[in-house]
Number of protein chains: 2
Amino acid sequence: MLSLVEENYLKAIYHLSEGGHLQVSTNALAEAVHTKPASVSDMIQKLDRKGVISYTKYQGVKVTDEGKEAALKVIRKHRLWEVFLVKHLNFNWDQVHEVAEQLEHIRSPLLIERLDAFLGHPNVDPHGDPIPDATGAINTKPQKQLQQLSPGSEGVIRAVKDSSPEFLQHMDKLGAYLGAQIKVMDKVAFDSSMKIRIDRATTIFISKEVAQNILVQEN
Amino acid sequence: MLSLVEENYLKAIYHLSEGGHLQVSTNALAEAVHTKPASVSDMIQKLDRKGVISYTKYQGVKVTDEGKEAALKVIRKHRLWEVFLVKHLNFNWDQVHEVAEQLEHIRSPLLIERLDAFLGHPNVDPHGDPIPDATGAINTKPQKQLQQLSPGSEGVIRAVKDSSPEFLQHMDKLGAYLGAQIKVMDKVAFDSSMKIRIDRATTIFISKEVAQNILVQEN
DNA sequence: AATTATTTTTAGATTAATCTAAATTACAGT
DNA sequence: ACTGTAATTTAGATTAATCTAAAAATAATT
Ligand SMILES: [Mn+2]
Ligand SMILES: [Mn+2]
Ligand SMILES: [Mn+2]
Ligand SMILES: [Mn+2]
């Protein structure tokens, strides 16, 4: 049984190790959970004792199979709640994260099972992130950063890498949304910025930073 | 700003003082929040310092206006979530309390406002308890304990005083539900048990204890 | 390889919430 | 008014989560 705080640490470790880094460093984790490295050092020893991560001093941590299962349960809840907020309570996609961060800790197997059914067993959240099923299985489709496409190629926006309100509000301003059809019109070699056409209608310019945070399914 | 634990104490104090007792005793509160009197003694001093209750040593506590406002916000959330669970997630009325006990602490003014609208601004929860509006106003209708009715009188079940799973499951077994039409057929002087007819169809016997926990609106 | 610099861990404190045991106050019945 | 019981409060500890400052280990640079 993990506390709310322990769940947040575990989820952060899981997310940090998703990015390829098998060993998650103390400093990176401190940054992610907004605490100091000293606090992290204490906590990872506790999580190691609980068996959800494996930790060797000065070498960082790694989630165990048991830890992965626990992390995925929290992530599942987080994303299902996000779907509820957007689909049924008319939240915008930039307003859901903070609330879901709280709701993900509600303990009730029945609740999450019923919520999932109520929502029609969605497989992605409002940011395009996949929702693990009750067993923890994730349905992951091949996606590329928009930045990696070359002029002429087309695709559909499927997810965003950055779910911060700032980025999402910028997306809204650009008229870029999940499901939008896009075509790369031009790519500037100098700064990797791009000109893209959305829904065969409007043409916009986006910076490299933006293009890196848009994930597309290529046609 | 109150912590989750402080919110639970405050809500308990509010509920205990609803029963007419203006001053809530340390022991009663300890029982209600499942802690020891020593812990309560500490906590009520803190809540007094925060201005939500007024406390004089050895004399018990009383919620202040500010405290009442805060308590009603938590109660509003608790009851709205209960409605959601029953109406949309198919929970039975005996399954909602524990989960609502957690959900009532989620902090998001937007969430509760939207949830209220989504539910169609209900004014009672699944146990017939009134739901305070956003300003804290409660719409309270005249209700009597079924136990107080005399033979021949009729009415409608509007609420239950006891929301424990045990009592609610017993209600289910009896076929007694909110909105049911009832008529008192007979009342035994010896033990105050009653014979009542539900929906002009089935006749059942109920004990004094049961009759005291059923609230009816008399015709 | 030796010396810095960085990262990580430990030591020692702090705050919130709880407990047990002891001290105090209030109340009730003679 | 006195005395015993019950209720309440205080004292002192404990656990979880955090912090700052200092020590130790690792990594990077001459
Ligand atoms: Mn969280
Ligand atoms: Mn998301
Ligand atoms: Mn609660
Ligand atoms: Mn209720």
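Every chain is numbered from 1 and lettered A, B, ... according to where its sequence line falls, protein lines coming before strand lines.
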- prompt: Can you tell which of A/Leu4, A/Asn8, A/Leu10, A/Leu2 makes a side-chain contact (heavy atoms from CB on, under 4.5 Å) with A/Glu6?
  reply: A/Leu2
message: Between C1' on C/dA16 and CE on B/Met1, what's the gap in Å once rounded to a whole number?
response: 16 Å
query: With respect to the phosphate group of C/dT8, does any side-chain polar atom (N or O) of A/Tyr55 fall under 4.0 Å of OP1 or OP2?
result: no
message: At less than 4.0 Å, is any side-chain N or O atom of B/Ser25 found next to OP1 or OP2 of D/dA7? Yes or no.
response: no
query: A/Thr35 has a side chain; which of D/dT18, D/dT20, D/dT9 sits nearest to it?
result: D/dT18
query: Which one of A/Asn27, A/Leu29, A/Val24 satisfies the side-chain contact (heavy atoms from CB on, under 4.5 Å) criterion with A/Val40?
result: A/Leu29
- prompt: With respect to the side chain of B/Val5, which nucleotide from C/dT18, C/dT24, D/dT10 is positioned closest?
  reply: C/dT18
- prompt: Within the pair A/Asn27 and C/dT8, is there a side-chain N or O less than 4.0 Å away from OP1 or OP2?
  reply: yes
message: Output the rounded distance in Å from CD (B/Glu31) to P (D/dT8).
response: 12 Å
task: Would you please confirm or rule out a distance under 4.0 Å between OP1 or OP2 of C/dT10 and any side-chain N or O of A/Lys57?
output: yes
field: Nearest-neighbour nucleotide for the B/Asp42 side chain, C/dT9, D/dT20, C/dT18 considered
entry: C/dT18
pair A/Ile157-A/Tyr177: side-chain heavy atoms closer than 4.5 Å: no
- prompt: Can you tell me if B/Arg76 uses its side chain to pair, donor with acceptor, with the backbone of B/Pro132 under 3.5 Å?
  reply: yes
Nucleotide nearest A/Ala38 (side chain, heavy atoms from C-beta), chosen from C/dT18, D/dA25, C/dA11: C/dA11
field: Nucleotide C/dA16, atom P - distance to CD of B/Glu6 in whole Å
entry: 8 Å
query: With sugar-phosphate meaning primed atoms plus P, OP1 and OP2, does B/Gln59 contact a base, only sugar-phosphate, or nothing at under 4.0 Å between heavy atoms?
result: nothing
message: Just N and O in the side chain of A/Tyr58: are any of them under 4.0 Å from OP1 or OP2 of C/dT6?
response: no
task: Please work out if B/Ser39 contacts a base, only the sugar-phosphate, or nothing of the nucleic acid, heavy-atom cut-off 4.0 Å.
output: base
task: Please state whether the rings of A/Phe118 and A/His88 are parallel, tilted or perpendicular, taking 30° and 60° as the class boundaries.
output: tilted
message: Any base atoms under 4.0 Å from A/Ser41, or only sugar-phosphate, or nothing? Heavy atoms, all strands.
response: base
query: Rounded to whole angstroms, how far apart are CG on B/Leu29 and P on D/dT9?
result: 11 Å
